[in-house]
Amino acid sequence: MQQDEVWQAVLGEIEVTLSHGNFVTWFKNTRLVKRRDGVIVVGVTNPFIKQTLEKKYGDLIIKTLRKQGIEVDQVEYKTVSAPKLSDEQIAASTSPATDQVPQLITPTPGVVKFAADRSAGGLRQSLNERYTLDNFVVGDGNDLAFAACQAVVAQPGTKYNPLYLYGGVGIGKTHLIQAVGNALQHRHPDAKVLYIATEQFVREFVQALRDRTASKFADYYRSADVLIVDDVQFLAGKDKIQEEFFHTFNSLHQANKQIIMSSDKPPSAIAMLPDRLKSRFGGGMSIDMQVPDFETRCAIIQTKTEGHESELEPEVVEYLASHIQTNIRELEGALNQLLAWCEVRGLVPTTAIAANVLQVSKNRPKNLSAKQIIERTARHFQIPLEDIIGPKRDKDIVVPRQIAMYILHEELHLSYPKIAYELGRKDHTTAMHSVRKITQELQTDVSLRGAVTEIKEHLYV
Ligand code: ADP
Ligand code: MG
């Protein structure tokens, strides 16, 4: 067999054993560059892929080669230049050589302009410092995504641009992309690192069109040094914003600014997204994130209990990790409910209590409404419904209102404008601040924690 054929056969075999995303990310552009005396040299397009193949897929590669009847004692990986780009890729990328030294910061940011951006940024969604690479637990399922994120932090705007993470709900996409943003901001304090959820981006754009400030909107995002866009699947079917985003993307990409995106599916699978965007989204590094395995889920639970009074017995940790398998947000929710339940009652968490808490969550009405949550909160604090959604600003009204906002955010994952709307507020920043404030206070205020738990319990029983 020719070298090419050998390798194609190996790839064919490997392709069926891996997820599509992993295969494309790690193997698609590999080739066999040399084969002599039991030594096989595999050509890869960058050092990161080299490292991953060596560490993670070395055994699989050797096994598969042997299966093809190839004698092999050793496999070496060598970084070679990338395969020729297709015409479409060339058209998509007019950026200069990727080996350039990373230039994260715009060379001459006008001082005044920068300050203005900062203040605009204050009103916008921003990075949440809670999400760091340090407190992200790495294991099977998310290790590749994590490694890619580290690579981006080390060399932004160069090789993995855009970085595109995709996968199911609640598996840590937002956590990771925000963590990259935080790490980059930390390393480059003057860089303009922007994080935006696609839904928010769309809303801002619509507002900008209405206010005839579209060019200001465009300038703001195009002046980013790092642009992080969460849940890009929500661009689907929105022609005008797609057009806008396309230009923003090109402008940043051409200037070697790092772009990071998350989505629930690979670019090619987003319906109603034009091909030119699909090809750009997939033109860097796309990684398929999987649900973390059991051991990783246990480790996540352990890190999330830090800072709480109760320590969980291993059997309780394992109970939770084995009962909630697909969504870390849910796992975290169940854990918090368990801890709060026990703290309020002065009990030590056991598997029996955990079972009870899980049972309660299972019985959740699927169609819990915002109104139910607001009513329940008002009733808990014995204040009239019209007050909680009305204009009053007394402390005994404001705090319950903030708590209701927090619960709407936690339980229904409503957007800030929607939360503000439900509570009769005009400005979504009120909702944002309230959620942030309550989240923070919950960490130290036991009676607040008790109140929130009780309100939630009543919602679900
Ligand atoms: P997604 O964006 O994929 O829906 P998130 O990033 O919002 O998911 O994650 C949901 C929750 O689970 C967050 O609170 C996040 O901190 C947590 N989480 C997910 N994966 C991990 C992990 N590997 N280590 C620590 N926390 C995690
Ligand atoms: Mg998310």
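Just so we're clear, the structure is a prediction, and the values are computed from it rather than from any experiment. Start at 1 and go down the list; that is how both ligands and their atoms are numbered. Throughout, numbering of the chain's residues begins at 1 and tracks the sequence.
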- Task: Would you check, one step at a time, whether the test side-chain contact (heavy atoms from CB on, under 4.5 Å) holds for F234 with V202?
- Result: CA-CA 9 Å; F234 293 125; V202 171; 5.8 Å; no
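- Note: F249 and F281 have tilted aromatic rings, judged against thresholds of 30 and 60 degrees for the angle between ring planes.
- Separating the CZ atom in R203 from the CD atom in Q207 is a distance of 10.5 Å, to the nearest 0.5 Å.
- For Y221 and F217, the ring centers are positioned less than 6.0 Å apart.
- Using modelled atom types, one side-chain atom of H253 and one backbone atom of N161 make a donor-acceptor pair closer than 3.5 Å.
- Interatomic distance, L368 CG to I407 CD1, rounded to the nearest 0.5 Å: 10.0 Å.
- Note on D211 versus K216: no salt bridge recorded, every NZ/NE/NH1/NH2 to OD/OE distance being 4.0 Å or above.
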- Task: Give the intermediate values and the outcome of side-chain contact (heavy atoms from CB on, under 4.5 Å) for residues E204 and I196.
- Result: CA-CA 10 Å; E204 275 185 22; I196 182 95; 3.9 Å; yes
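- Looking at R276 and E243, a side-chain N of the basic residue comes within less than 4.0 Å of a carboxylate O on the acidic one, giving a salt bridge.
- Pocket lining of ligand 1, defined as residues with a non-hydrogen atom under 4.0 Å away: R130, Y131, N135, F136, V137, N142, G168, V169, G170, I171, G172, K173, T174, H175, I300, K304, I328, R329, E332.
- Only protein N, O or S atoms were considered, and those under 2.8 Å from the Mg ion (ligand 2) are T174 OG1.
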